Protein chains: 2
Amino acid sequence: MAEDQLSRAFTALADPTRRDIVARLSLGDATPGQLAEPFAMSLQAVSKHLKVLEEAGLISRSREAQRRPCHLETAVLDEMTAWVDRYRRTAEERFRRLDAVLASMDEDESTEDEDPQHEGVASP
Amino acid sequence: MAEDQLSRAFTALADPTRRDIVARLSLGDATPGQLAEPFAMSLQAVSKHLKVLEEAGLISRSREAQRRPCHLETAVLDEMTAWVDRYRRTAEERFRRLDAVLASMDEDESTEDEDPQHEGVASP
DNA sequence: GGCTTTCTCAACCGATTGGTTGACAACAAC
DNA sequence: GTTGTTGTCAACCAATCGGTTGAGAAAGCC
């Protein structure tokens, strides 16, 4: 996934209004007018939010007379969780290994010359 | 999770520099100086990025003489994937149900008075 | 004490963001 | 054709963002 598309996706979901819109669209397609209805802001403002979501690839829009129904696209959501999960798992895997080291040091209490707490700080 | 904390978390990961920092920290704790080294920007700029990450709850910082080693916290990453996954799954579940409807209509080709494409657009 | 290292804070700057209002395009209904 | 509905575009505005430089706090080293 392109670097800046991931940035656009995270930027898009950084706004509570846009997250509300995504939540609404997860239940089914909706027009800008329907999406704007619950918010205390102009239709133009919601239209701008939809543009941000569309440019992030999170929604697509079709035509239907004057209406422009919006549809949630799940592919980019997948790529977002993939990114977040990758580094979360790397970190948690490291924590588990650290715990294992500490446990083995607990078993064998003779060696105390290393400090596993800072294994990541030390220079290569 | 508080609404604005989720906003802070997505905002934090919306910046490529901050995502790089998170990726680096997933491999192990590091000081601001170590984190700034690969970037073509001032240490002060990186320090600002770290503040954003800290306020989002994505990292924590300890003390160690003049050094302030940074540590990746995975809890907020968990909440981010939880949010994204919730709506992705809701949408995909709906798509699967829609496919099932279309398949059953394919079997029984006599009823054509309903248009499942717009099930979400209609008013409640 | 003085000097160096490491890092944060404060002030500033141009670009972007999230909202507004007004104009207007596209289409339906009469 | 005229009117009404739906939505976008353009211009504007205050606030925020991501960077800069300069000053200084906090700790170790001589």
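Predicted model, so just to flag it, every value in this text is computed and none were measured. Below, read A as the first sequence line, B as the second, and so on, with proteins coming before strands; counting in each chain starts at 1.
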What residues, two or more places apart in sequence or in another chain, satisfy salt bridge (charged side-chain N to carboxylate O under 4.0 Å, His left out) together with B/Glu54?
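Only B/Arg61 meet the salt bridge (charged side-chain N to carboxylate O under 4.0 Å, His left out) criterion with B/Glu54.
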Salt bridge (charged side-chain N to carboxylate O under 4.0 Å, His left out) against A/Arg19, all qualifying residues, sequence neighbours excluded:
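Once residues adjacent in sequence are excluded, the partners of A/Arg19 under the salt bridge (charged side-chain N to carboxylate O under 4.0 Å, His left out) criterion are B/Glu3.
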Which residues satisfy the side chain to side chain contact (heavy atoms under 4.5 Å, CB included) test with [X], sequence neighbours excluded?
{"X": "A/Asp20", "answer": "A/Phe39"}
{"X": "B/Gln66", "answer": "none"}
{"X": "A/Ala23", "answer": "B/Tyr87"}
{"X": "B/Pro38", "answer": "none"}

Hey, can you pull the residues of residues 36-46 of chain A with a non-hydrogen atom under 4.0 angstrom from DNA chain D?
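When residues 36-46 of chain A is checked for heavy atoms under 4.0 Å from DNA chain D, the hits, listed by number, are A/Leu43, A/Gln44.
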Test B/Cys70 against every option in B/Asp29, B/Ile21, B/Leu25 by the side-chain contact (heavy atoms from CB on, under 4.5 Å) rule and name the one that passes.
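Passing option: B/Leu25.
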Test side-chain hydrogen bond (donor to acceptor under 3.5 Å, both in side chains) applied to B/Arg63 - qualifying residues, sequence neighbours left out
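Here no residue qualifies.
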Residues which pass side-chain hydrogen bond (donor to acceptor under 3.5 Å, both in side chains) with A/Arg86, listed by chain and number, not counting sequence neighbours:
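For A/Arg86, no residue satisfies side-chain hydrogen bond (donor to acceptor under 3.5 Å, both in side chains) once neighbours in sequence are set aside.
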Describe the nucleic acid contact of B/Arg18 in one word from base, sugar-phosphate, nothing, applying a heavy-atom distance below 4.0 Å.
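Sugar-phosphate: the residue B/Arg18, judged by heavy atoms under 4.0 Å, touches backbone atoms but no base.
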5' to 3' on DNA chain C, which nucleotides open and close the contacts with chain B (atom under 4.0 Å from a heavy atom)?
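Boundary nucleotides touching chain B, in 5' to 3' order, are C/dT5 to C/dA11.
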Pick the nucleotide of DNA chain C nearest each of A/His49 and B/Lys48; which residue has the one closer to the 5' end?
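Residue closer to the 5' terminus by nearest nucleotide: B/Lys48.
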Hey, could you give me each pair passing salt bridge (charged side-chain N to carboxylate O under 4.0 Å, His left out) that has a residue in residues 7-18 of chain A? Not counting sequence neighbours.
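Only A/Asp4-A/Arg8 qualify under salt bridge (charged side-chain N to carboxylate O under 4.0 Å, His left out).
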First-last contacting nucleotides on DNA chain D - partner chain A, under 4.0 angstrom, heavy atom
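Contacts span D/dT5 to D/dA11, reading 5' to 3'.
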